[in-house]
K.L.:
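Below: one structure in structure tokens.
Residue numbering restarts at 1 for every chain, and letters A, B, ... go by the order of the sequence lines. Worth knowing before you read on, the calculation uses all heavy atoms, side chains too, and leaves out hydrogens, waters and symmetry mates.
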Amino acid sequence: AQTIHQWPVAEIKAVGSPLSLGCTIKGKSSPNLYWYWQATGGTLQQLFYSITVGQVESVVQLNLSASRPKDDQFILSTEKLLLSHSGFYLCAWSLIRDWGYEQYFGPGTRLTVL
Amino acid sequence: QQQVRQSPQSLTVWEGETAILNCSYENSAFDYFPWYQQFPGEGPALLIAIRSVSDKKEDGRFTIFFNKREKKLSLHITDSQPGDSATYFCAAGGGSNYKLTFGKGTLLTVTP
């Protein structure tokens, strides 16, 4: 069975400080991986996706970057946090069907920027 | 431009009633429509999904009705239970496109 782990569970950071959030998936080789952002009480916005190691595509520009250093790892980062970065960050992986992609989400990281 | 719309924003039903959550979309290229259930502080969980080639998908107490011509779909939750109280997101995707577009969600409260 596939398991997806996100770290840290929660972060409180100062405006202007750097950030690194991580996601690891086990039990699935070469998964498609995704980063989403969710404002409190809001919808989910896809930020990045990656279909292979070293390759990341940006969907929305929010002064964030992503990297995929290993097959099972996806990293979200920024050098300088903004207040608007506060929210819930979700990593997801997708199961490839012949008609498309089913996405499954991790437990999320709650980020508060002060 | 919001491509996936959900209504109502919030819904309260009594235990045992059927909850009906609505979703509409604009992009004709969308052909895959998952519904996600999210509890506070947790990641969304895939609940049920339908492809545009079907007009109905059932899984236990959860049923999706899909109308391609009107670009509308609905999630019916029969015999609603307090444990079903959560936010439900309708999403849409298309073919080999990796992107899922989400609606703003419907907050469902089931009162005992």
K.L.:
Can you tell me if CD on Q9(B) sees more than 12 non-hydrogen neighbours from other groups inside 6.0 Å?
P.N.:
no
K.L.:
Could you walk me through whether L46(B) and Q103(A) pass the side-chain contact (heavy atoms from CB on, under 4.5 Å) check?
P.N.:
CA-CA 8 Å; L46(B) 179 61; Q103(A) 293 191 19; over 6 Å; no
K.L.:
Below 4.5 Å from any heavy atom of chain A, which atoms of P34(B) appear? Answer side chain, backbone, both or neither.
P.N.:
neither
K.L.:
Is chain B contacted by the side chain of Q45(A), its backbone, both, or neither, given a heavy-atom distance below 4.5 Å?
P.N.:
side chain
K.L.:
Might you point out which heavy atoms bring F102(B) and T43(A) nearest each other, and give the distance in Å?
P.N.:
CB-OG1, 3.4 Å
K.L.:
Please give me the minimum heavy-atom distance between L100(B) and Y36(A), naming the atom from each residue.
P.N.:
CB-OH, 3.6 Å
K.L.:
Could you tell me whether the side chain of E42(B) reaches within less than 4.5 Å of the side chain of F105(A), counting heavy atoms only?
P.N.:
no
K.L.:
Can you tell me which portion of I4(A) sits under 4.5 Å from chain B's heavy atoms? Options are side chain, backbone, both or neither.
P.N.:
neither
K.L.:
Look at the side-chain heavy atoms of Ile, Leu, Val, Met, Phe, Trp and Tyr, link any pair under 4.5 Å apart, and say whether L47(B) and V13(B) land in one connected group.
P.N.:
yes
K.L.:
Would you kindly confirm whether L114(A) and L19(A) end up in one hydrophobic cluster when ILVMFWY residues are joined by side chain heavy atoms under 4.5 Å apart?
P.N.:
no
K.L.:
Are F62(B) and I50(B) connected in a single hydrophobic cluster, I mean Ile/Leu/Val/Met/Phe/Trp/Tyr linked by side-chain heavy atoms less than 4.5 Å apart?
P.N.:
yes
K.L.:
Heavy-atom pairs under 4.5 Å with chain B - which of Q6(A), R110(A), Q46(A) has more of them than the others?
P.N.:
Q46(A)
K.L.:
Check the hydrophobic clustering (I, L, V, M, F, W, Y; side-chain heavy atoms under 4.5 Å; chains of links allowed) and say if L33(A) and V53(A) are grouped together.
P.N.:
no
K.L.:
Contact between Q38(B) and F88(A) at the side-chain level, heavy atoms closer than 4.5 Å - yes or no?
P.N.:
yes
K.L.:
Is L44(A) in contact with chain B via its backbone, its side chain, both, or neither, using a 4.5 Å heavy-atom distance?
P.N.:
both
K.L.:
Please determine whether the number of non-hydrogen atoms from other residues, nucleotides or ligands lying under 6.0 Å from atom CD1 of I12(A) exceeds 12.
P.N.:
no
K.L.:
What part of Q38(A) lies closer than 4.5 angstrom to a heavy atom of chain B: side chain, backbone, both or neither?
P.N.:
side chain
K.L.:
For E15(B), look at atom CD and say whether over 12 heavy atoms of other residues, nucleotides or ligands are found less than 6.0 Å away.
P.N.:
yes
K.L.:
Determine, using the 4.5 Å side-chain heavy-atom cutoff (strictly less than), whether L62(A) and L82(A) are members of one ILVMFWY cluster.
P.N.:
no
